K.L.:
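Could you have a look at this structure, given as structure tokens, before my questions?
For clarity, every value in this text was computed on a predicted model and none was experimentally measured. In what follows, residues are counted from 1 in the order of the sequence shown. One-based numbering, in listed order, for ligands and for the atoms of each.
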Amino acid sequence: MFSDSVIAIVTQLLDHQPIYFGDSSVNYGAGYTGWHKDNRVSDRHDGGTPDWEGDYDLIRVGIYLQDCAKHSGGLLVRAGSHNDAPHLPGWARDGQGRLTTVARRANAFRSRFYGKARFVASRKSDIVVWTLRTTHAGHAVRIKRVPNLLLDPRVQQVIPKFLQVPVDGTRVAIFATFARPGSHYARYREYLISRDYFVNRPFMSVREFIPSAVTVDELRYSPPPIG
Ligand SMILES: O=C(O)CCC(=O)C(=O)O
């Protein structure tokens, strides 16, 4: 992930020296998910929020260590979903109550289906990059005889095993998020340190392993003083 070739691609895409802030993971074995985005939850499905102003500054890099062009196990994306999301009416953005909840849910539902769904036909060790605003899903299932038939990810997961094209060996995929400085990163950073899964992870300094072409921002959560 931190090899010169990956960092050169990330630098070119961000058009800036990338910031790495410790948001990475390794997926070993099955990695099923439904359609989702990775940017701030409050902004994900509302095109009128700050995350949707201008070009977005955070990208996710995935390296899939098996063939996903002819096998199951790859990534699904919705092409163009990083460009826009349906706008929530102002009253539903700030309000509370049942009607607001219904409006938000309806908007989130519409947003999940923005953009044409596609398999990412990555080959062994290809580098796949998407923005945190992109609607995507993990562990695509290809169906025997109709491997390019794309069903909803939740439906794909219940296809009987004997009808699925198998994964090319064991699914191993690694992921990391990179950013360039700006208001999107500042807001994402603030969001991340409010997330339990991030702040409760065992912290280990990684600075010494990261090449100097990457800016390291080690996020640690300091709980507010009691009282
Ligand atoms: O497992 C995958 O292919 C996608 C993982 C994912 O959704 C993510 O890293 O945000």
Side-chain angles (χ1 to χ4, degrees), residues 1-2 6 9-10 13-14 18-45 51 56-82 85 108 111-115 117-143 147-148 150-159 164-179 184-185 187-189 191-192 194-198 201 206 219:
M1 189 55 89
F2 293 97
V6 175
I9 292 168
V10 169
L13 288 171
L14 289 173
I19 306 170
Y20 173 70
F21 47 96
D23 185 0
S24 55
S25 58
V26 177
N27 181 220
Y28 185 88
Y32 296 109
T33 55
W35 291 122
H36 66 283
K37 295 177 183 288
D38 291 331
N39 60 322
R40 283 177 69 114
V41 171
S42 58
D43 293 26
R44 272 179 202 183
H45 301 297
D51 264 5
Y56 194 60
D57 296 337
L58 290 102
I59 56 175
R60 188 109 172 119
V61 178
I63 304 179
Y64 293 79
L65 301 180
Q66 349 20 71
D67 173 80
C68 303
K70 297 212 158 61
H71 295 81
S72 295
L75 183 72
L76 297 167
V77 290
R78 283 196 170 266
S81 58
H82 61 298
S111 155
R112 275 194 195 96
F113 296 95
Y114 256 44
R118 291 177 44 179
F119 287 101
V120 176
S122 56
R123 285 153 308 166
K124 196 171 184 160
S125 302
D126 272 355
I127 297 161
V128 181
V129 184
W130 63 99
T131 88
L132 269 54
R133 288 195 317 208
T134 309
T135 307
H136 62 285
H139 202 141
V141 172
R142 292 185 185 271
I143 304 168
N148 294 324
L150 200 159
L151 302 176
D152 189 85
R154 298 281 182 210
V155 178
Q156 290 185 352
Q157 292 165 32
V158 297
I159 302 287
Q164 297 185 14
V165 178
V167 173
D168 179 22
T170 304
R171 182 183 202 262
V172 184
I174 59 175
F175 304 98
T177 306
F178 295 93
H184 291 147
Y185 177 55
R187 294 183 75 251
Y188 189 74
R189 195 180 186 285
Y191 159 81
L192 208 51
S194 74
R195 308 295 287 175
D196 284 349
Y197 75 88
F198 195 79
R201 78 202 198 286
V206 291
L219 297 190

K.L.:
Could you tell me the residue and atom name of the protein heavy atom closest to atom 5 (C) of ligand 1, and the distance to it rounded to 0.1 Å?
P.N.:
Phe175 CZ, 3.7 Å
K.L.:
Any nitrogen or oxygen of Trp130, side chain or backbone, less than 3.5 Å from one on ligand 1?
P.N.:
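No: no nitrogen or oxygen of Trp130 is under 3.5 Å from one in ligand 1.
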K.L.:
Could you check which of His36, Lys37, Arg60 puts a non-hydrogen atom nearest to atom 9 (O) of ligand 1?
P.N.:
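Among His36, Lys37, Arg60, the closest heavy atom to atom 9 (O) of ligand 1 belongs to Arg60.
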K.L.:
Using a strict 4.0 Å cut-off to heavy atoms of Tyr64, name the atoms of ligand 1 that fall inside it.
P.N.:
2 (C), 3 (O), 4 (C)
K.L.:
Among all protein heavy atoms in this structure, tell me which lies nearest to atom 10 (O) of ligand 1, with the distance rounded to 0.1 Å.
P.N.:
Asp38 OD2, 2.7 Å
K.L.:
With under 30° as parallel and over 60° as perpendicular, where do the rings of Tyr185 and Phe21 fit, or are they tilted in between?
P.N.:
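Judged by the thresholds at 30° and 60°, the geometry between Tyr185 and Phe21 is tilted.
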K.L.:
May I have all residue pairs that pass salt bridge (charged side-chain N to carboxylate O under 4.0 Å, His left out) and include part of residues 22-37, sequence neighbours excluded?
P.N.:
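Checked against salt bridge (charged side-chain N to carboxylate O under 4.0 Å, His left out) - neighbours excluded - the pairs reaching residues 22-37 are Asp23-Arg60.
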K.L.:
Under a 4.0 Å threshold between the charged nitrogen and the carboxylate oxygen, would Asp67 count as salt-bridged to Lys70?
P.N.:
no
K.L.:
Would you call Arg187-Asp51 a salt bridge at under 4.0 Å N-O?
P.N.:
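Yes, this pair counts.
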K.L.:
Which atom names give the shortest non-hydrogen contact between Ser81 and Tyr114, and what distance separates them?
P.N.:
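In terms of heavy atoms, the two residues are closest at CB-O, 3.7 Å.
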K.L.:
Considering the heavy atoms of Gly138, write down every atom of ligand 1 situated less than 4.0 Å from one of them.
P.N.:
1 (O), 2 (C), 3 (O), 4 (C)
K.L.:
Considering only the protein, which heavy-atom contact is closest to atom 6 (C) of ligand 1, and what is its distance?
P.N.:
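For this ligand atom, the closest protein heavy atom is His136 NE2, 3.7 Å.
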K.L.:
Give me the residue, atom name and distance of the protein heavy atom closest to atom 1 (O) of ligand 1.
P.N.:
Arg171 NH2, 3.1 Å
K.L.:
Under the ring-ring contact (aromatic ring centres under 6.0 Å, His included) test, which residues partner His45, sequence neighbours left out?
P.N.:
none
